[in-house]
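Take a look at the structure set out below.
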Amino acid sequence: PASCLRRAGVALPASARDPAARALFERAETHVASGRFDAALDALACAEAIAGDDPALRYELTRRHGILEFR
């Protein structure tokens, strides 16, 4: 998780699970808006790596994967 956070440019530690995942969700949204779907998928994969078993983050990941698949 730490290396994917560095690659994504998120300065929060993986131990700050919710804020780090939210930052990655925003990053994925930015990538989707610019048509960089592969980069958005990478950001979501990183968020998935740090989400653990948090139900709210798992739900948001599922939702965002669905949106990305639709786009």
Side-chain angles (χ1 to χ4, degrees):
S3 65
C4 77
L5 288 172
R6 278 193 304 276
R7 280 194 315 270
V10 175
L12 296 165
S15 60
R17 183 182 298 175
D18 192 354
R22 300 284 171 198
L24 288 163
F25 293 154
E26 289 177 18
R27 175 73 45 115
E29 194 172 303
T30 301
H31 289 313
V32 167
S34 65
R36 297 193 57 223
F37 302 118
D38 57 335
L41 188 58
D42 288 345
L44 291 181
C46 187
E48 190 165 5
I50 64 171
D53 60 352
D54 183 309
L57 291 179
R58 303 306 286 167
Y59 170 80
E60 190 64 22
L61 274 166
T62 301
R63 189 180 83 74
R64 289 180 182 268
H65 272 291
I67 291 169
L68 183 57
E69 187 174 319
F70 176 77
R71 301 277 323 254

Notebook entry, point to check: Applying the salt bridge (Lys or Arg N to Asp or Glu O under 4.0 Å) test to E29, which of R22, R64, R63 qualifies?
Noted result: R64

Checklist line | F37 CZ: over 12 foreign heavy atoms closer than 6.0 Å | finding: yes

Next item on the list: State the CD-CD1 distance between E69 and I67, to the nearest 0.5 angstrom.
Entry: 11.5 Å

Margin query: If I take atom CZ from residue R71 and atom CG from residue L68, how far apart are they, to the nearest 0.5 angstrom?
Written below: 9.0 Å

Next item on the list: Give the minimum heavy-atom separation between F25 and L61, together with the two atoms involved.
Entry: CE2-CD2, 3.7 Å

Margin query: Let me confirm one number: the NE2-CD distance from H65 to E60, rounded to the nearest 0.5 Å.
Written below: 11.0 Å

Which donor-acceptor pairs under 3.5 Å do side chains of residues 39-55 form with protein atoms, sequence neighbours excluded?
from	atom 1	to	atom 2	distance (Å)
D54	OD1	A56	N	2.9
D54	OD1	L57	N	3.1

